[in-house]
Engineer: 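The following block contains the structure, expressed as C-alpha cells.
Whatever order the structure lists ligands and atoms in, that order sets their numbers, starting from 1. When reading the values below, keep in mind they use all heavy atoms of this one structure, side chains included, and skip hydrogens, waters and symmetry mates.
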Amino acid sequence: MPHVTFIYPCVGRSPGRKYIRSWQMQPLAIGVLYALTPDRWIKAFFDDRLEGIDYDQPTDLVAISIETFTAKRGYQIAREYRRRGVPAVMGGYHATFCPDEVLEHADAVCVGEAEQIWEGILRDAERGEMHGKYTASDSAACYPMTPDRLIFAGKNYFKIALVETSRGCHFHCSFCAITAFHKGKRNHRPVQDVVEEIAGLKEKSIFLVDDNIISDTKRAKTLFAALRSMKKKWVGQASINIAEDSDLLDLLAESGCVGLLIGFESLNADSLAYIGKHVNQKTDYKYALAQLRKRGIAVYGTFLLGLPSDSVRTAEEIVRFATREKIFIAAFNHIVPFPGTPLYAQLETSQRLLYDKWWLSNTYRFGEIPFTPESSLPEQVQGWCHAARQRFFSISSILRRSTDMAANCRSLRKGILFLGLNLLLRREVARKRGLPLGERL
Ligand code: SF4
C-alpha cells in the first residue's frame, strides 16, 4: 500500500526560544486532504510547529501546505524528502500565487483549491507520473468540507475546534491575499452540513474560520439561526459593516457568538482608501464597537501601520483608541505585501520592494517591513508596531480593558480567558520579534 506524509511547516525558529503558542491551531486544510485520501493510502502527519519531522519514516509522497511566511521552511522540508528519493507536492495560497517558484522545490504544485485535484494527484503519484502544475477549475464551486479530525489526535493544539462554513469575501482590499485567491467570489457550504459537523465536536469552543462570515448577510442569518439551538460558543471573523444590521447582530449573539475578529486597519479615511478598505470608511468605529459590546461580543481588532500618511502619532492614536474602547485583544502589524495581491504589484511597479522575494531572504526576519513606505523608514514603522504592542499589552492597559463587564469579562469564564490570552500575547510580543523564516537543518 502506498504511504503519504502530510506536513504543516512552521514559520521558523529562533534558537532557544519556544514556538509561538497562539499560532498552534489545527491545520484544517490538512484535515480535509486527509479525509479525501482514499483508504488504500497509509497516512502520516507531522506538524512542524509542534513536533520534529521523522524524515526517515518510509513514505512514497510528501504533501506540504504552505503560505508565504512558511514557504521557505516548506522548501527546506521538501529538499530533505527529495534527497531521500520521496517526491513532494505543495499547495496553499502561496503555491497558487507562485507556482513556478514552488516547482523549483517540488515535483508538483496544486494551483487553486486542492479538494478538486487531490485524488488525481494521488493517482498520478501512484503511477509515478506526477507532472508539474495541477490547476483547479475556477468555475467549479468548491465549498469547504468536514476534515478528518483523527489526524489531529495526540497533538497539543490550542484548545479550540476550527470549522469552515464558507470561503472568500466580496470586498477587494488591496492587501488581502484571500480575496485575490478567490477572485472576490464566495463559496458557501450547506448549513445542514455545518450543523452536523459542529454537533459531532467534543470541544466546547469553536472558531468559525470563514474569511468574512457575513460577506453574504442573507446566508449568515440562515447560518446563525441554525446555530442558535446548538448552545455552542464560537468566535469568528467579520467585516465591520455587521454593525449596520441590528437583526444580524441579534442573531449573531443568539447563535452563541462571543467574539469577532474585525479588521479596523486604520483610523484615517485616506489610509483606508489607499488600501481599498472602503467598507470601513462608511462605518463609525465607536458605534460599531458599542453595538457589539451591547450584545456581549468581544472584539479582536487588527490594525495596520506603514500606510502613506502614518506617523508615530498615528500609532499612538491607534493604541489609545484600542485601549479606550476596551478592545479584547488587538494586533498592530505593518502592512505585508503578499505576492498575488494588488498591493504587491503596486509596490513592485513603484520599485519600493526591498527584496526580490522577501519570503526567501536569509536576512529578512518576521516583523520586518519588506518595502520602503512612502513617508517613513521601514525601521520606524517596525518600531511603531513594537511600541504599540508593548503599550496595548502593558499591565495597566490589560487592567483597564478588563473593566469592560459587558463583553471582555462578562462571566468568570470569559474573564479568565481575557486574562490568559492577554498575558500570552504579552509574552509573545518579544518572542515573535526577529523570528527567522525557515530553519537551519
Ligand atoms: S474585508 Fe477582510 S477578508 Fe474581505 S477583502 Fe477586506 S481584508 Fe480581505
Side-chain angles (χ1 to χ4, degrees), residues 25 28-29 67-69 92-94 96-97 112-113 138 142-144 162-189 207-220 223 235-245 248-249 252 257 259-285 288-289 291-292 297 299-307 310 318 322 327 329-347 385:
M25 295 208 196
L28 270 188
E67 47 178 280
T68 304
F69 276 112
Y93 281 10
H94 188 80
T96 295
F97 291 131
E113 291 170 287
D138 254 0
C142 182
Y143 54 74
L162 275 58
V163 175
E164 192 179 26
T165 94
S166 69
R167 282 185 191 154
C169 173
H170 66 297
F171 294 122
H172 295 276
C173 306
S174 68
F175 61 92
C176 181
I178 292 160
T179 199
F181 181 91
H182 294 286
K183 302 189 174 74
K185 286 189 292 195
R186 299 159 294 189
N187 282 320
H188 299 125
R189 191 173 164 191
F207 176 14
L208 299 184
V209 298
D210 303 40
D211 306 313
N212 179 0
I213 200 152
I214 60 137
S215 185
D216 177 334
T217 47
K218 192 165 162 235
R219 191 267 180 178
L223 175 72
V235 294
Q237 317 187 90
S239 47
I240 198 158
N241 56 318
I242 190 166
E244 292 161 12
D245 186 333
L248 182 62
L249 281 169
L252 177 85
C257 179
L260 280 183
L261 183 151
I262 294 182
F264 291 88
E265 325 306 3
S266 176
L267 306 179
N268 179 303
D270 291 341
S271 295
L272 292 171
Y274 175 82
I275 54 175
K277 193 125 192 179
H278 305 295
V279 56
N280 286 32
Q281 287 177 283
K282 298 178 203 142
T283 312
D284 177 339
Y285 287 176
L289 285 163
Q291 290 303 308
L292 290 161
I297 293 164
V299 170
Y300 174 2
T302 59
F303 297 90
L304 292 175
L305 288 162
L307 301 168
D310 285 353
I318 286 177
I327 289 185
I329 50 172
F332 308 90
N333 294 319
H334 64 76
I335 189 160
V336 180
F338 287 107
T341 60
L343 175 75
Y344 189 90
Q346 184 187 335
L347 292 172
C385 293

Engineer: Minimum heavy-atom separation for G168 and D211, please, with both atom names.
Structural biologist: N-OD2, 2.7 Å
Engineer: Check side-chain hydrogen bond (donor to acceptor under 3.5 Å, both in side chains) between S239 and all other residues, then give those that pass, not counting sequence neighbours.
Structural biologist: N212, N241
Engineer: side-chain hydrogen bond (donor to acceptor under 3.5 Å, both in side chains) with Q281: which residues, sequence neighbours excluded?
Structural biologist: H278
Engineer: Do you know how many protein N, O or S atoms are within a distance smaller than 2.8 Å of atom 6 (Fe) of ligand 1?
Structural biologist: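 With waters ignored, the protein N/O/S count below 2.8 Å is 1.
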Engineer: Assess whether a salt bridge exists between E244 and K282, defined as any Lys/Arg side-chain N lying under 4.0 Å from an Asp/Glu carboxylate O.
Structural biologist: no
Engineer: Report the residue from Y285, F332, Y300 that forms a ring pair (Phe, Tyr, Trp, His ring centres under 6.0 Å) with F264.
Structural biologist: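 Between F264 and the candidates, ring pair (Phe, Tyr, Trp, His ring centres under 6.0 Å) is satisfied uniquely by Y285.
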Engineer: Under the rule for side chain to side chain contact (heavy atoms under 4.5 Å, CB included), what residues qualify as partners of H172, not counting sequence neighbours?
Structural biologist: T179
